[in-house]
Amino acid sequence: MSLQVGCLSFRQPYAGLVLNGLKTIETRWRPLLSEYENCTLAVHIARKDWEGSEWREVLTGALGMTCAQIDDLLESGERFGRGVVAGLVEVGETWVCPGSLPREEVLVLEAEALLTGLEEKHLTRLSFPRWLKEPLYARGHKDVWTVDIPLELLPPPPPTPHRTSYS
């Protein structure tokens, strides 16, 4: 038996940052996750790395992390390797980040997204991240795709009920 859920590929270090609970806002130029609000989404770790270093600047600046703390976090995010479905996250509200927000509010959102330059992007709240018991090897796809996760790999369920498939 398995659970069928939508899945999204994340490049590292963002996949690990999502599953370790530091990245709580996903950003896209279009509302990719809006139809998955109140659903469980599988997190796939892509084989490629994210090309920018904004995440490191936010971790050291806004969050005040040391290089050693960041190295530990990165190592934790690599526990299952690449090219795998590694965990689950609950999808919340999607909204457009206006360009007119006060700087203080932008800084808070950047700290949650671990990314700068959020104006006019679609932001989606992510919550209750959890790692699978073991990785599920799968080839990534563009946008959201469907994956069947064997029940024996599932972590404990979230504290509140959520839809597990999109309908």
Side-chain angles (χ1 to χ4, degrees), residues 5-46 48-80 82 85-132 140-145 155 157-164 166:
V5 293
C7 186
L8 183 62
S9 291
F10 291 81
R11 290 184 178 193
Q12 287 289 40
Y14 285 118
L17 295 170
V18 165
L19 288 172
N20 284 324
L22 271 91
K23 180 174 173 62
T24 58
I25 292 179
E26 173 59 6
T27 63
R28 299 284 167 150
W29 284 111
R30 57 192 175 92
L32 180 66
L33 296 176
S34 62
E35 68 183 81
Y36 297 91
E37 184 173 346
N38 298 321
C39 290
T40 300
L41 183 73
V43 174
H44 177 267
I45 300 176
K48 292 185 179 181
D49 284 335
W50 180 259
E51 294 175 5
S53 62
E54 305 91 344
W55 57 272
R56 188 177 293 276
E57 295 163 14
V58 175
L59 288 175
T60 57
L63 299 181
M65 293 182 77
T66 66
C67 289
Q69 289 172 318
I70 293 172
D71 288 345
D72 289 345
L73 187 61
L74 295 177
E75 187 177 319
S76 172
E78 292 285 356
R79 72 179 76 173
F80 285 164
R82 307 282 179 105
V85 176
L88 302 170
V89 67
E90 301 306 310
V91 178
E93 174 189 12
T94 297
W95 72 99
V96 176
C97 182
S100 60
L101 280 180
R103 183 69 187 144
E104 300 78 31
E105 290 182 42
V106 171
L107 290 174
V108 169
L109 291 174
E110 287 177 349
E112 294 178 77
L114 298 176
L115 188 66
T116 57
L118 303 180
E119 294 82 6
E120 306 307 323
K121 286 186 176 179
H122 294 267
L123 310 182
T124 302
R125 180 75 55 196
L126 303 177
S127 63
F128 200 68
R130 57 239 186 250
W131 290 86
L132 295 179
H141 299 273
K142 184 180 177 191
D143 297 330
V144 179
W145 43 286
T160 57
H162 288 82
R163 295 183 305 171
T164 56
Y166 51 97

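Sequential numbering from 1 along the given sequence is applied to the chain's residues.
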Margin query: What verdict does the salt bridge (charged side-chain N to carboxylate O under 4.0 Å, His left out) test give for Glu112 and Arg125, after you've listed the backbone C-alpha separation in whole Å, the side-chain angles of each residue and the deciding distance to 0.1 Å?
Written below: CA-CA 9 Å; Glu112 294 178 77; Arg125 180 75 55 196; 2.3 Å; yes

Margin query: Walk me through whether Leu115 and Tyr14 qualify under side-chain contact (heavy atoms from CB on, under 4.5 Å).
Written below: CA-CA 10 Å; Leu115 188 66; Tyr14 285 118; 3.4 Å; yes

Note to self: For a side-chain contact (heavy atoms from CB on, under 4.5 Å) check, start with the C-alpha distance between Met65 and Leu22, then their side-chain angles and the critical distance, and finish with the verdict.
What the structure shows: CA-CA 12 Å; Met65 293 182 77; Leu22 271 91; 4.0 Å; yes

Next item on the list: Take Arg28 and Leu8, measure what side-chain contact (heavy atoms from CB on, under 4.5 Å) needs, and give me the verdict at the end.
Entry: CA-CA 12 Å; Arg28 299 284 167 150; Leu8 183 62; 3.3 Å; yes

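The CG atom of Leu74 sits 4.5 Å away from atom CH2 of Trp55, with the distance rounded to the nearest 0.5 Å. Put simply, CD on Glu78 and CG on Leu73 are 11.0 Å apart, with the number rounded to the nearest 0.5 Å. Here the CG atom belonging to Leu17 is positioned 12.0 Å from the CH2 atom belonging to Trp50, to the nearest 0.5 angstrom. The line from OG1 of Thr27 to CG of Leu32 is 11.0 Å long, rounded to the nearest 0.5 Å. Here the straight-line distance linking atom CZ of Phe10 with atom CD1 of Ile45 works out to 10.5 Å at 0.5 Å rounding. To the nearest 0.5 Å, the span separating CG on Leu123 from OG1 on Thr24 amounts to 10.5 Å.
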Solution key, residues 92-106 side-chain donor-acceptor pairs under 3.5 Å, sequence neighbours excluded:
| unit_1 | atom_1 | unit_2 | atom_2 | d |
| --- | --- | --- | --- | --- |
| Thr94 | OG1 | Thr124 | OG1 | 2.7 |

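Taking the side chain as every heavy atom from C-beta outward, Leu118 and Ile25 never approach each other to under 4.5 Å. For the pair Trp29 and Lys121, the minimum side-chain heavy-atom distance is below 4.5 Å.
Screening Glu54, Arg56, Lys23 for a side chain to side chain contact (heavy atoms under 4.5 Å, CB included) with Leu114, the sole residue that qualifies is Lys23.
In this structure Glu75 satisfies the salt bridge (charged side-chain N to carboxylate O under 4.0 Å, His left out) test with no other residue, sequence neighbours excluded. For Asp143, the salt bridge (charged side-chain N to carboxylate O under 4.0 Å, His left out) partners at least two apart in sequence or on another chain are Arg30. For Asp49, the side-chain contact (heavy atoms from CB on, under 4.5 Å) partners two or more places apart in sequence, or in a different chain, are Gln12, Arg82. For Ser53, the side-chain contact (heavy atoms from CB on, under 4.5 Å) partners are Glu57, not counting sequence neighbours. For Ser9, the side-chain hydrogen bond (donor to acceptor under 3.5 Å, both in side chains) partners two or more places apart in sequence, or in a different chain, are His44.
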